[in-house]
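First the structure, in the form of structure tokens, and then the observations on it.
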Amino acid sequence: MTGLRYVYAVCRPFGAALQSQLAGVSGDPPRLLPHGDLIAVVSHVPEADFSEEALRAHLEDLDWLTATARAHQQVVDALTAVTTPLPLRLATVFRDDSGVRVMLEEREAAFRRTLDRLDGRVEWGVKVYVEADPAQQAEPERPAASAQAAPKPVSGRDYLRQRRRQTRANEDLWSRAEEFATGLHARLSERADDARLHAPQNPRLSGAAGRNVLNAAYLVARDTSEEFVEMVDRTKDDAPGIRVELTGPWAAYSFAGEAEGEGS
């Protein structure tokens, strides 16, 4: 089959088989391209979609980007199940197998160092959200017998008093959320081999409910991942109004460094 070479990841040789019926970007099954003691995981993609000019146009096509990212991630996930991959940037493309091998040779030392550091480890993501919208956060919950909607203000003074109470409740919730997130990150970092803090996600872009106050990634050994997950799970009911989300295990994207290639 002709076409450009799309590179998903670099890894060490491994004996396990990838899942059957695994389709890569553009539907072509991934294959292993060895070079020395490194392997590039590649598939064929059409030049009409992945030439430099075509890629620039596709950057404006959200549907195309989403489908490509999903196929890329499926291959990396399949690799993560059987080995420790070093994922490359989305749409890392070369002219042919020779171009891929040149890239492996040029970056061999860096790839080896990173794979040694990541060996036997996976990435877990932890996010902490303030569930309530601060603009709508009400007073602390009343006992069931007296719980009722707050009375409508009968005067300007009443309105200002209610706004002050609401503001204090909002400030208290944010303070508790920040303290909770800081403590959780410290505890999880102690159980991980490495940790990264990412910028909080914009809820309008992520679609997640609530405001994100912690967005962190943790590099954890596979054989201690169960303990790490249990540690996160134990915190989920510790703070009313605050939600903890755990995702993974993933390939160690946050700890891979700049592992990207240029087309040739």
Side-chain angles (χ1 to χ4, degrees), residues 7-16 18-19 32 36-41 69 72-90 92 103-104 107-129 177-201 206 208 212-239 242-261:
V7 187
Y8 301 91
V10 173
C11 58
R12 301 282 195 185
F14 58 94
L18 292 176
Q19 65 189 62
L32 307 183
D37 64 347
L38 295 175
I39 289 176
V41 182
H72 179 105
Q73 187 62 45
Q74 285 174 348
V75 174
V76 174
D77 286 346
L79 286 167
T80 305
V82 297
T83 188
T84 300
L86 175 54
L88 300 194
R89 188 175 61 178
L90 186 72
T92 297
M103 179 270 295
L104 289 174
R107 301 174 62 94
E108 182 177 8
F111 283 147
R112 284 178 174 176
R113 286 194 301 271
T114 304
L115 286 168
D116 287 344
R117 179 167 53 85
L118 300 182
D119 187 42
R121 294 167 176 82
V122 291
E123 178 174 326
W124 292 92
V126 177
K127 295 182 177 66
V128 174
Y129 297 89
E178 290 175 354
E179 182 179 357
F180 174 85
T182 299
L184 178 62
H185 178 61
R187 294 194 301 275
L188 295 180
S189 296
E190 291 177 355
R191 300 296 295 269
D193 293 323
D194 202 354
R196 294 283 187 275
L197 282 173
H198 300 305
Q201 290 184 326
S206 67
N212 183 209
V213 294
L214 176 68
N215 181 14
Y218 303 91
L219 185 66
V220 182
R222 289 179 186 271
D223 57 7
T224 63
S225 282
E226 185 174 350
E227 297 171 14
F228 184 87
V229 170
E230 289 175 354
M231 186 175 183
V232 176
D233 285 343
R234 287 196 297 269
T235 72
K236 291 187 175 181
D237 298 322
D238 287 353
I242 298 170
R243 186 175 82 255
V244 180
E245 288 188 357
L246 173 72
T247 59
W250 308 109
Y253 283 97
S254 298
F255 307 92
E258 291 297 318
E260 58 189 55

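Just so it is clear, the model here is predicted, and its values are computed rather than measured. Just so you know, residue 1 is the first one in the sequence shown, and it goes up from there.
Taking each heavy atom of Phe255 and Ala217 in turn, the nearest pair found is CZ-O, 3.5 Å. Nearest heavy atoms, Thr84 versus Cys11: O-CB, 3.8 Å. In plain terms, the two heavy atoms of Val220 and Ser225 that are nearest each other are CG1-OG, 3.8 Å. For the pair His198 and Ser254, the tightest heavy-atom approach, listed with the atom from each and the gap, is NE2-OG, 3.0 Å. Residues Phe14 and Ile39 share a closest heavy-atom pair of N-CD1, 4.5 Å. The minimum heavy-atom distance linking Leu90 with Ala69 is given by the pair CD1-CA, 3.7 Å.
Taken from OH in Tyr218 to CZ in Phe228, the straight-line distance is 6.0 Å, to the nearest 0.5 Å. Note that the CG atom of Leu86 and the CZ atom of Arg117 stand 9.0 Å from one another [nearest 0.5 Å]. A distance of 11.0 Å separates OG1 in Thr83 from CG in Leu118, rounded to the nearest 0.5 Å. We find the CG-CD distance between Asn212 and Glu245 to be 9.0 Å, quoted to the nearest 0.5 Å.
Arg196 is not listed as a side-chain neighbour of Leu219, based on a closest heavy-atom distance of 4.5 Å or more. Between Tyr253 and Val76 there is a side-chain heavy-atom pair separated by less than 4.5 Å. The shortest distance between side-chain heavy atoms of Arg187 and Thr235 falls below 4.5 Å. Asp116 is listed as a side-chain neighbour of Arg12, based on a closest heavy-atom distance under 4.5 Å. Between Phe180 and Leu214, every side-chain heavy-atom pair lies at or beyond the 4.5 Å cut-off. Between Pro87 and Tyr8, every side-chain heavy-atom pair lies at or beyond the 4.5 Å cut-off. For the pair Asp37 and Arg112, the minimum side-chain heavy-atom distance is below 4.5 Å. Put simply, the side chain of Pro85 does not reach to within 4.5 Å of the side chain of Val41, judged on heavy atoms.
When the shell of 6.0 Å around CD of Glu230 is examined, it contains more than 12 heavy atoms from other residues, nucleotides or ligands.
With hydrogens and angles disregarded, a donor-acceptor distance shorter than 3.5 Å links the side chain of Asn215 to the backbone of Ala199. Distance alone, capped at 3.5 Å, places no donor-acceptor pair between the Thr80 side chain and the Trp250 backbone. Checked by atom type and distance alone, the side chain of Thr182 never pairs as donor or acceptor with a backbone atom of Glu179 at under 3.5 Å. Side-chain N or O atoms of Ser189 include one that pairs as donor or acceptor with a backbone N or O of His185 at under 3.5 Å. A donor-acceptor pair is defined here as one N or O able to donate and one able to accept, closer than 3.5 Å; such a pair exists between the side chain of Arg121 and the backbone of Asp119.
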Item to check | Test log, rule side chain to side chain contact (heavy atoms under 4.5 Å, CB included), inputs Leu38 and Glu108 | outcome: CA-CA 8 Å; Leu38 295 175; Glu108 182 177 8; 4.1 Å; yes

